[in-house]
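Report on one structure; see the data block that follows.
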Amino acid sequence: MLTKATVLQVAVPTPVYRTFDYLPPKNCKTTSLVPGMRLRIPFGRSRLVGILISIENNSRIESSRLKRVIEVLDDEPLLPANLMQLLGWISRYYHCPPGECYSAALPTLLRKGKPAIAKGEAFWLLTANGLEADPNTLKRAPRQQELLQFLSKQPEGVNREQLESYSANWQNAMRELIKKGWANTEDRTRTVNEPIAEKIPGPKLNDAQQAAVDTVSLQHEHFQPFLLDGVTGSGKTEVYLNIIRSFIERGEQALVLVPEIGLTPQLLERFRQRLQVPVAVLHSGLSDQERLAAWLMASSGQTPVVIGTRSAVFTPLARPGIIIIDEEHDISLKQLEGFRYHARDVAVMRARQLNIPVVLGTATPSLESLFNVQQNKYQHLILPERAGTASHPELKVVDLRRIPMPDRISPTLATGIKQRLKNKEQVLLFLNRRGFAPTLICHDCGWTADCERCNTHMTLHRRKNKLRCHHCGVERAVPQQCPSCQAEDLQTLGQGTERIEDALKERFPDARVLRIDRDSTRRKGSLQTMLDQIHDGKVDILVGTQMLAKGHDFPNVTLVGILDMDQGLMSADFRASERMAQLLVQVAGRAGRAEKPGEVLIQTHYPDHPLLQTLLKHGYPAFAEAALKERQESGLPPYSAMTLLRAESVNEKEPMGFLSDARKNAEQLTGNNVFILGPVPAPMEKRAGRFRAQLLVQADQRTHLQQLLGNWVQSIESLKSARKVRWSIDVDPMETY
Ligand code: ADP
Ligand code: ZN
Ligand code: ZN
């Protein structure tokens, strides 16, 4: 039966694959309602904040059963019509629960129903009198004396968080300093820093850079994706800056997406100095207040430049002019949990809806983007040379076979390191495994230290003297004896960054060694301190994980050693070789960024691996061409479309049972143009105590897959076995194993 009345269609943040109908609040002028406003609604026994999707004049549900909206939270829509349209497309394309998708576009405070007003954050700093005050006069108030000294080292001021980590009871001392007129607080929005007064002119662009800038600028107010394909150090960032300037001069805004790790203070500084405009920054390290403030500034058009990580792709813009995605190949652009969107693909769709150009920049284009160039969907802009005087590094394979090597540092590499130490140049060693050793093994019986909640070994962390599972985070004490046979001969197996650090210190006792990985940079700001040490020449040998592969500029590094290439060459995932090549080229790109030529040594047991050979002999473009041909021959993306249905449960049988039911449904819904593979247990079947399995659906034509997905998801939701598992849909999965 149809209800004839004004009915509001609402996206409710709950994992259900549909919207919900509500009646407007009593005494509400329905003409003032606009999609994109927030509504407080009753939902089950709780109250939630939903987003108004549309205003209808009928519902499939009887009006007596419809609940009323409690309150309309906004006078104006928070999400403009163009963003609502984009989010609608996303929820259909990615088949995610609409409520989760719409609320992902809002900062946390707005999701919680807080008013859309930016409150500045309180900062404390010394006054002019405080700066001149003599700390000795505070001898009898040591707390105040210390605080005065602490603040005098922080001329920019400190926020609550910094004060809390300085001392748990800073408040009393601060109150006294304020009473004396020595300290003060002010409200500030840290995310939207004012431009830096001193303008630094950029270098004169070379011909390739200038051509790229001109081509993109000419396309203003037209949808056109560009692949800016420039070797590392070719001056892509300079190209972005010049493009952005031309759009700002037209009064338009630029949205720039970067990988989390690439959003460094140096990059922001460079943007502010060169563009001389306020920049709104959005990343995961912000407080909720900071994020809201930056979001509102972008949305109202007060900041011409908005720069952020993945989820910044949803930031509303008052006058959108251009979107730029740096490191478009980077996997961190894809959300791997919950609402699994790819920010690059969303950005391209957003540009299309806004009718503006979009630039995807990288030194190692994804095969998807190269394919889109072949299809004439993207325009290819190439920067073939390193900018300035820097030259390309030389890549060499070090064959590890039959070489005695207790610590993963081959004689060739050791010689190279010695040479650099003598020349006072820096060395970067790369190993994508943190901890001391991947596991412990009993020399007598072969027992290994395995995680009880996952199908994996536990990593030995010697600094903390703990065994830790990198998949579920569980920690255990290191046993003194083998738990299985009581033998005392427990040996470490394999190498992690901690162990390499020890080995380097032993081999090169005079060298200053610095380890950079997630363990050594856990404290806020520590990565920055370490990067500064490297730049100031206080480090000779750097050893680290892929944290070091991206974005950073180390002008004095002239030797890069890749300690273990074999992992990447041996993986089962069809994207593994692409990843391996990108990582190799990116890491290699850290060498020889300045005048000094660089050298890259790649250690492997498979020196003749064909893709590695193509990459070394002919470079990334040739590698990508060969890899694309392989994908085409095996009918893999981008030559086909994939979707993965995942399920997990604490009960071993249930995921497979659910997926078998889901498979039957899919078979009924589809013809023979969609292939269904599985279900199979996930390669790491047990993780964090849950059993996992997956079902892959694949089609040569994306439309065939999309036709299936809509109905399929509905049918899955009503399966009985679906209630016993946690399941999720991953459209265009980045990891298929
Ligand atoms: P990418 O982003 O491609 O790695 P950057 O834009 O960071 O490259 O440029 C690398 C280095 O080269 C930077 O130090 C930059 O200042 C410098 N550079 C860029 N373009 C030029 C140019 N046209 N002339 C001289 N130096 C340049
Ligand atoms: Zn044993
Ligand atoms: Zn585990």
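Keep in mind that this is a model prediction, so the values were computed, not measured. All ligand and atom numbering here is 1-based and tracks the order in the structure. Computed from heavy atoms alone, side chains included, the values below leave out hydrogens, waters and symmetry copies.
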Is it the case that atom CD in Glu625 sees more than 12 heavy atoms from other parts of the structure closer than 6.0 Å? no
Below 4.0 Å, non-hydrogen atoms only: which portion of Arg270 touches ligand 1? Side chain, backbone, both or neither. side chain
Could you tell me which atoms of ligand 1, counted from 1 in the order shown, lie closer than 4.0 angstrom to a heavy atom of Asn206? 23 (N)
Nearest heavy atoms of Asp564 and Arg433, plus distance in Å: OD2-NH2, 3.5 Å
Heavy atoms of Lys377 and Gln224 approach each other most closely as O-NE2, 3.8 Å
Distance-only N or O hit between ligand 1 and Pro203, under 3.5 Å: no
Smallest separation among heavy atoms of Lys334 and Arg310, with atom names: O-NH1, 3.3 Å
Report yes if Gln209 has an N/O atom closer than 3.5 Å to an N/O atom of ligand 1; otherwise report no. yes
For Ile356 versus Ile322, what's the shortest heavy-atom pair and its separation? CD1-N, 3.9 Å
Numbered atoms of ligand 1 (with element) below 4.0 Å of Leu205, judged on heavy atoms: 23 (N)
Of all the atoms in His443, is at least one N, O or S atom closer to the Zn ion (ligand 2) than 2.8 Å? no
Taking every heavy atom of Val348 against every heavy atom of Tyr378, the minimum-distance pair comes out as CG2-OH, 3.8 Å
For ligand 1, indicate whether the residue Ser234 contacts it via side chain, backbone, both or neither (heavy-atom separation under 4.0 Å). both
To the nearest 10 degrees, how large is the angle at the Zn ion (ligand 3) between Cys469 SG and Cys472 SG? 110°
Where ligand 1 meets Lys204 - atom numbers and elements under 4.0 angstrom, heavy-atom basis: 22 (C), 23 (N), 24 (N)
